[in-house]
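Along the sequence shown, the residues carry numbers beginning at 1. What you see below is based on every heavy atom in this structure, not just the backbone, and it leaves out hydrogens, waters and symmetry mates.
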Amino acid sequence: MKLKLDLHDIFNKGHEIDRALRGIIDEAVQKKATLVEIIPGKGSGALKKKVLRFLDQKEIKQLYHRVEKDGDNWGRLFIHFRFDAPQGRRGRGR
């Protein structure tokens, strides 16, 4: 499953940007989406930097697997999620 967030409409509303980013991350976790596409747009690059700073927060960073910057379109980011089966000895009856 892939989710998409286009930030063009709220590019100058800081609190709404944070709320939208948190919402899409929470939705991805809830729905076990493997990919979230975030479109900050090209512009000056300030919004993309804000998105990357948001994603770099410790409590957010632990929710996803990795961030990929689109090599063909620098106004787009991909957030990859991995929902592996629990590891370790839990559930093995030991």
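When the side chains of ILVMFWY residues are joined at heavy-atom separations under 4.5 Å, either directly or via intervening members, I38 and L35 end up in two distinct hydrophobic clusters. Hydrophobic cluster membership differs between F78 and W74, with clusters built from Ile, Leu, Val, Met, Phe, Trp and Tyr side chains linked at under 4.5 angstrom.
Put simply, CD1 on I25 and CD on E59 are 11.5 Å apart, with the number rounded to the nearest 0.5 Å. The line from CG of D6 to CZ of R76 is 11.0 Å long, rounded to the nearest 0.5 Å. The structure places NE2 of H15 at 12.5 Å from CD1 of I10, a figure rounded to the nearest 0.5 Å. To the nearest 0.5 angstrom, L47 atom CG is 11.5 Å from I39 atom CD1. Interatomic distance, CG of L3 versus CD1 of I79, reported as 11.5 Å (0.5 Å rounding). Interatomic distance, CD of Q62 versus CD of Q57, reported as 11.0 Å (0.5 Å rounding).
By the 4.5 Å heavy-atom criterion applied to side chains, H80 and E68 are counted as neighbours. L52 is not listed as a side-chain neighbour of D56, based on a closest heavy-atom distance of 4.5 Å or more. No side-chain heavy atom of T34 sits under 4.5 Å from any side-chain heavy atom of R82.
Of the listed residues (L77, V67, I24), just one forms a side chain to side chain contact (heavy atoms under 4.5 Å, CB included) with V36, and that residue is I24.
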Inset, instruction - In sequence, state the C-alpha distance, the side-chain angles, and the governing distance for L5 and L7, and then conclude on side chain to side chain contact (heavy atoms under 4.5 Å, CB included). - result: CA-CA 6 Å; L5 175 63; L7 296 173; 3.8 Å; yes

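Summarising the geometry of G75 relative to P40, their closest heavy-atom pair is O-CD, 3.2 Å, with the distance given to 0.1 Å.
Remark: side-chain polar atoms of Y64 are paired, donor with acceptor, to backbone N or O of L55 under 3.5 angstrom.
Relative orientation of the F81 and F83 rings is parallel, given thresholds of 30° and 60° on the angle between their planes.
Under the 4.0 Å criterion applied to side-chain N and carboxylate O atoms, D18 and R22 are not assigned as salt-bridge partners.
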